[in-house]
There are 2 protein chains.
Amino acid sequence: MSSAKQNHAILSERLKSCDVRPTPQREVVLKVILGKRDHPTADEIFARVKSSMPTISLATVYNCLDTLVQCGLIRQVNLERAPTRYCPNLDQHAHFHDEATGEIHDVHLPEDLMIRLKEVLPAGFDARSIDLTFRGKAAPTLTHGTN
Amino acid sequence: MSSAKQNHAILSERLKSCDVRPTPQREVVLKVILGKRDHPTADEIFARVKSSMPTISLATVYNCLDTLVQCGLIRQVNLERAPTRYCPNLDQHAHFHDEATGEIHDVHLPEDLMIRLKEVLPAGFDARSIDLTFRGKAAPTLTHGTN
DNA sequence: TTCTTATTTGGAATAATTCTAATTCCTACT
DNA sequence: AGTAGGAATTAGAATTATTCCAAATAAGAA
């Protein structure tokens with residue numbers, strides 16, 4: 001079995017396990033996002049996807065993204081007043097938004113902190129997800145985390 | 001001195017302390033946001049402001065909001081793919097976004113947790129602000145926090 | 001295969017925000 | 001008080017991200 005075929009099988013399996021139809025469009029959108037550890041916008045994803053599937057439409061990219069987020073196969077990140085970005089990293093992590101460069105860095109969150117975070121919620125609040133975003137500036141010289 | 005005048009003086013003082021001109025528009029926008037502990041959108045703020053200053057323009061509301069956020073007199077909250085909301089509560093707190101009702105509740109964050117949060121950042125990362133948003137559902141019967 | 005239903009498509013529509021250029025308003029300095 | 005000069009405001013146009021729509025297509029079950 002070729003590597004490409006195997007890849008397809010893996011992606012297809014992932015989609016099926018979420019009870020969604022493993023269409024070629026969904027697979028290629030997912031593949032593109034997982035293929036790079038950055039935080040692309042819908043437009044950027046559209047551009048990347050078009051090189052392997054030139055006929056795909058932007059509406060489909062949006063549809064696929066919605067589906068993938070629903071499934072929990074990717075995450076959604078919102079910066080203030082900027083187009084939504086998507087994140088392939090499903091490990092528990094926070095985002096650091098470098099205000100000087102606009103870059104987003106993933107920051108690992110230890111398990112005990114996650115537990116501590118959930119403890120601050122009053123009784124009756126049931127959190128399905130937690131978004132933690134830092135804003136500020138990062139030291140320019142060192143290379144930290146992913147962008 | 002009348003209460004209204006005193007109010008004006010206080011608002012004006014707050015603005016001056018941020019090195020911005022205390023214009024009537026900025027004062028009324030700030031007053032409207034501080035007057036209610038909710039999370040209005042720019043459009044909602046525009047509507048509220050118009051009742052006391054009918055000639056104000058939406059562009060000015062946006063300008064004022066930008067200025068006030070810059071000054072740190074109000075905060076900005078972004079829900080996924082929804083218009084930006086503004087928050088009068090400057091105490092350290094998180095937001096709980098009730099996915100069923102769309103309501104936003106403030107959640108108090110203890111000081112030690114804030115310290116713990118900043119500790120997860122690698123050396124060289126300097127966080128100016130921290131945004132923590134929970135998403136999920138809240139028990140409907142009880143009345144928790146502010147919306 | 002054929003049926004049923006979900007998905008895709010392109011283009012139009014919507015909605016939040018920003019831009020622009022003209023006007024008006026503060027504030028500091030005489 | 002009067003005025004110069006920069007900052008803020010205004011209305012409306014422009015931009016841009018996202019969603020809607022109705023028709024065409026494709027996937028999975030029988």
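Heavy atoms only: backbone and side chains are in, while hydrogens, waters and symmetry mates are out. Sequence lines set the chain letters: A, B, ... in the order given, protein chains first and strands last, and positions in each chain run from 1.
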Hey, which of these two, A82(B) or M53(A), hits DNA chain C nearer its 5' end, going by closest nucleotide?
M53(A)
DNA chain C: T23(B) or D43(B), which has the more 5' nearest nucleotide?
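It is D43(B), whose closest nucleotide lies nearer the 5' terminus.
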Of the candidate nucleotides [options], which contains the atom at the shortest distance from the side chain of [X]?
X      : options                   : answer
T84(A) : dT18(D), dT17(C), dT9(C)  : dT18(D)
D66(B) : dT8(C), dA27(D), dT18(C)  : dT18(C)
T60(A) : dA11(D), dT9(C), dT17(C)  : dT9(C)
P22(B) : dT17(C), dT9(D), dT27(C)  : dT27(C)
A59(A) : dC20(D), dT10(D), dT17(C) : dC20(D)

Mind checking whether H95(A) and H97(A) have ring centres under 6.0 Å apart?
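No: the rings miss the under 6.0 Å criterion.
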Under 4.0 angstrom between [X] side-chain N/O and [N] OP1 or OP2:
X      : N       : value
Y62(B) : dT18(C) : no
T55(A) : dT8(C)  : no
S57(B) : dT9(D)  : no
R21(A) : dA26(D) : no

Please state how far atom [atom1] in [X] lies from atom [atom2] in [N], giving the value in whole angstrom units.
X      : N       : atom1 : atom2 : result
Q76(B) : dT17(C) : CD    : C1'   : 12 Å
Q25(B) : dC25(C) : CD    : C1'   : 9 Å
L58(A) : dC20(D) : CG    : C1'   : 13 Å
Y86(A) : dA17(D) : OH    : P     : 12 Å
K50(B) : dT9(D)  : NZ    : C1'   : 15 Å
F46(B) : dA15(C) : CZ    : C1'   : 15 Å
N78(A) : dA16(C) : CG    : P     : 15 Å
D19(B) : dA8(D)  : CG    : C1'   : 16 Å

N-O pairing of R75(B) and D91(B) below 4.0 Å:
no
Is D43(A) salt-bridged to R48(A), cutoff N-O under 4.0 Å?
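No, D43(A) and R48(A) are not salt-bridged.
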Is the count of non-hydrogen atoms from other residues, nucleotides or ligands lying under 6.0 Å from R14(A) atom CZ greater than 12?
no
Can N89(B) and D106(B) be counted as having a side-chain donor-acceptor contact under 3.5 angstrom?
yes
Over all strands shown, is T41(B) touching base, sugar-phosphate only, or nothing at heavy-atom distances under 4.0 angstrom?
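Contact class for T41(B): none.
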Have a look at I56(B) and say if it touches a base, only the backbone sugar-phosphate, or nothing, with a 4.0 Å heavy-atom cut-off.
sugar-phosphate
Which sits closer to the 5' end of DNA chain D, R26(B) or R85(A), going by the nucleotide each is nearest to?
R26(B)
May I ask you to decide if the ring planes of F125(A) and H105(B) are parallel, tilted or perpendicular, using 30° and 60° as cut-offs?
perpendicular
